[in-house]
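This report concerns only the one structure given below.
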Amino acid sequence: MPRGEHLGEFEYLIMLALLRLKADAFGMQVRREIQSRTERSVTIGSVYATLDRLEKKGYSRSEAGLDDAGRARKYFSLTPDGAQAMRDRMAAIERMTEGLSVARELDAI
Amino acid sequence: MSPRPPRSPRALIRFLARPEDRPAVLHDLAEEFRTMQTEGADLKAARRWYWRQALGSAIPLLRTRFSGIFGGGTGPLTSLLDIRLGLRMLVKHPGLTMVAIFALAVGIPIGLAPLHSAAVFETPLPVPEAERVVIVRDYDVSTHRYLRSPVEDWVAWNNGLRSFGQMGAFIVTDLNVGLNDNRDPAVEGAFLTASSFGILRENAALGRVLVEADAQPGGPDVVVVGHAFWQNRLGGDPAVVGTTLRVAGVPHTVVGVMPDEFQFPKRTNIWLPLRVEEPVAEDERRVVVFGRLADGVSAETAQIEVESLGVRMVTAEPLRRERLQAIVSPFSIGLFGLSNDGLDGELGFYFVQLLALFVLVVACLNIGMLILVRTTSRAGELAVRTALGASRARVVTQLFVEALLLGVIAAGIGLFIADRAADRLTFLSEALPYWMDLGVSLRTTIWALSLAAFSAAVVGVIPALKVTGQQVQQNMQQARASKSGVRFGGVSSALIMADVALAVVAVGIAFAFSDAFTVVSGDGGTVRSEEYLYAQLGMGYGSASASRTSNTELAARSGDATLRVLERLRSEPGVRAVALATGLPGTEQEYYGVEIEGDPLVDGQEGTWTSLNSVSPGFFEAMDQPVLAGRPFQSGDVSPESPFGIVNSEFVDEALGGRSPLGRRIRPLKRDGTPAGPWIEVVGVVAYVATSNSLIKGEPGIYVAAAPEAVSPARFAIRLGEDPASFIPRLRAIAQEVDAEAIIRGAMPLNEVKSFDEIVMQWMKLGVKVLIGILIALAASGTYALMSFTVAARTHEIAIRGALGAPRGQILLTIARRAMMQLSGGVILGMLMVGPILFLAASGGWTPTLSPLVLTLMAGLGVMAAIGLLAFAGPTRQGLGIAPSEALKG
């Protein structure tokens, strides 16, 4: 069971970025990934703060490493609890949108 | 070399990020910063991005770092709610916020400036275990000065000391590198022992560093070049090792390129072997001796050993050594010739520190008043919170957080401005060694934040304690009656008077020293300085690479080069005239007291303080300066034993009281009253003034005729007409053709020449102007806040008096009386303080004048009085406007 309870939008985006980047998931790469895909301005500080929160919830883990030039880098990855939390979130959205043509409904507003 | 990310935001991130995240965050940001530039973004855009990242990351990083304290919003000390509330208060009171931020943004950097400077000078070398690299230097106990050491001492220390793992020595000098047809400027170089690289634990990026074999007499002529030199002057050629470079006219083989950012010991880009030949006693060179302490040996132990060796050296050569004491000093401190305590040990440092903190105290005092007024107006709200269960500590914490936010924002802005200002102080930063940086460091950021916290405690907690100290019930009642319940009584009067007095003193200081703010000279006075090219000719230590050079030999070579350059210039097409002197307008000058033959000097006095310049014959003609009386110099006037001189009209007025100087004999005196040279016979009078100091307009001057080869330092003024700067490359080439070791320094149009003192003075003048303006602005804001508050507190009283039938004039008079007493009391207090300042200024030779600055400041004072009246008028008018029935209802 996941230890954390609530998953914020930015946390979810970060977890998706970790899923995409896999072994290449370090702070600035995560920031770039979210910024380029969501077109929203993201600071490195908010990325690190959110990753720290996810780690405390047990959804992600970090590992100190070195880049090609031998400089310090911190790599992040999802934990099984994190994966479960994402599954739960996706399932919740699926259940909420089941039988609903979201695009058409939104256009009608 | 790609530029590094800006320092201040880097320091901010370093401070805010958790230690375990810090390297990764900084590295990530640096990498992105570089990537942006390689992808085509310009440096400014990349820096802006970095700043945005740092500022945007501040709160998330802070929350992460102090998550234990914030506790996700309900922590024991404070909460995000407090921060939000604080931010809301800042937005709600924009006037107060702006004044407070402005005051602290100025007060905090000024308060920190002396400490910051001291820290800059103590920055350790960027090498492993830098604290173990020390300088051994001589201290002259009779003159209290630190001296460079003779080569002989270096040899004795190197052979005799066991406290050092390795010892080295170096000489820094400018060197011509013979590129671009000798038209390129000289490069700062260093002759150093091969051991130096070992002491610094530094290796070459390409090729090798210097080795012992290079330093042997008769060894190969080799050179190691710096990264920047390699990139900029040698085109970054990867096959540079093995090529030949002409250094001071001699072909040298390039054996290595040092890594980026290595410029030991100053901003050096060329390294050559320092050769020491026997007998060392005849070697007149002076070196800086340094070393790395041996494992397990402390600097104190090394000092004891150095002293005991010193005793033996005194016994061997009592005459030379008995005045000298060898001292082991941290490298940075030793390089600057500071005492081992750093700037802290320098006289006057604490005074400057105190003065700087005074500004911060004034800022805090005024912001404190503003916040006290605001907090007081919120007494009702705070009482309600207390009644609903908030503890006193909780309320005080909230008010503290509000003030802290103000302080932190102000400190951030202040540091940003300080960092920008440091970038502009190029005259200072270029004089510092490569590892010292005037920019804002992590340590300064921490100090600034500490000061912000301290200021917040003063301006936030004290008012909070005062307001929350009252009975809840009483506050509630007063809140209902729309009154604060807090009375300042005599305190407010004292504070207003202090503020007004402060403004008066500020204007008084500006008036007393108005001379300093208005006189601008150093541009040559009557000289058409824009038509002249200025340059100083000197000699590098080039031949030291091959063998020792005696000072006499060096002086002779220098004199010979001066004469030959002068002759070459006189026959150069386009050159209209050439003047040669030891001092020119804007350059450093030598000053002496003067004795006039036949005029007895009063004991202990040194006569009129006068600049003394040696000039070559033809000087005044070349500078287009007419001789007002007597005659110009002739070639036969050059006589070192019985020299001839020309004085300026200021000298005639000040030293001779208008009497004719022609035929008189004068001589320069040292500070102790002893003669500094032979008698000089005066043969003429000119209007010409050469001064280094913009504070002194038209100072007395003596010009002594000297042979060109005896003019040292040799300063040239070359009259070229338009665009004199375009002649600089040609001048360098001429100098190098005359002597490969002749160095042209500081070449620039004469009207742009400023001595170091002059530049420092200009910055100080700007600083004082800004400071005075700030003091007045602070005083005005504080006065407004207090006065409006104290009058507003009487609004109800005014209304009741009106309702009871008192005439409006009488009410106005009653209320105005107090305001006027406060304002006039402040003015009187200020005038009392200004009196001694004016007296001191007048006795120091300053002439107070109504300069535009003084008039502006007086206008500022007028505005301040108007602000005071405005603060009084608003609430009074409001009180008079209340209907009698409303007033009596209460």
Side-chain angles (χ1 to χ4, degrees), chain A residues 3-14 17-18 21 23-77, chain B residues 2 4-6 9-36 38-39 41 45-46 48-73 75 80 83 205 259-260 412:
Chain A
R3 273 178 277 153
E5 290 163 5
H6 175 68
L7 203 56
E9 189 213 351
F10 194 61
E11 290 175 334
Y12 190 51
L13 290 177
I14 293 232
L18 296 187
L21 294 166
D24 204 22
F26 56 90
M28 191 52 80
Q29 197 66 0
V30 172
R31 191 196 74 82
R32 275 190 216 129
E33 188 72 17
I34 299 174
Q35 185 157 305
S36 63
R37 289 187 180 274
T38 63
E39 293 182 353
R40 64 192 255 186
S41 174
V42 179
T43 65
I44 190 75
S46 56
V47 170
Y48 272 91
T50 310
L51 282 165
D52 175 65
R53 214 159 49 238
L54 288 173
E55 205 168 340
K56 286 201 176 105
K57 288 179 180 181
Y59 292 164
S60 72
R61 67 168 81 89
S62 64
E63 202 179 328
L66 299 173
D67 68 1
D68 298 340
R71 283 168 297 207
R73 188 159 267 173
K74 207 170 173 184
Y75 292 94
F76 299 89
S77 58
Chain B
S2 62
R4 300 183 68 188
R10 210 156 24 114
L12 183 69
I13 293 278
R14 207 176 290 140
F15 174 69
L16 294 172
R18 290 188 310 180
E20 60 266 38
D21 293 339
R22 197 176 293 150
V25 177
L26 285 169
H27 172 49
D28 280 359
L29 280 167
E31 192 180 87
E32 186 79 358
F33 180 78
R34 277 195 296 273
T35 308
M36 283 181 80
T38 50
E39 286 174 357
R48 271 202 304 274
W49 172 84
Y50 201 104
W51 267 105
R52 274 201 306 274
Q53 281 292 323
L55 294 176
S57 298
I59 290 190
L61 289 178
L62 197 67
R63 280 180 65 177
T64 311
R65 178 153 195 193
F66 300 106
S67 55
I69 299 170
F70 289 126
L80 278 179
I83 295 177
D260 191 8

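Note that the CD1 atom of A/I44 and the CG atom of B/D28 stand 4.5 Å from one another [nearest 0.5 Å].
Remark: A/E11 engages A/R53, A/K57 in a side chain to side chain donor-acceptor pair (under 3.5 Å) (not counting sequence neighbours).
For B/E20, the parts sitting under 4.5 Å from any heavy atom of chain A are the backbone and the side chain alike. Using a 4.5 Å cut-off between heavy atoms, A/V47 does not touch chain B at all.
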Item to check | Candidate pair B/H27 and A/F26, rule side chain to side chain contact (heavy atoms under 4.5 Å, CB included), full reasoning | outcome: CA-CA 11 Å; B/H27 172 49; A/F26 56 90; over 6 Å; no
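Heavy-atom minimum distance, A/T43 versus B/S57: CB-OG, 3.5 Å.
Among residues at least two apart or in separate chains, side-chain hydrogen bond (donor to acceptor under 3.5 Å, both in side chains) pairs with a member in residues 23-32 of chain A are A/Q29-A/R32, A/R31-A/Q35, A/R31-B/E32, A/R32-B/E32.
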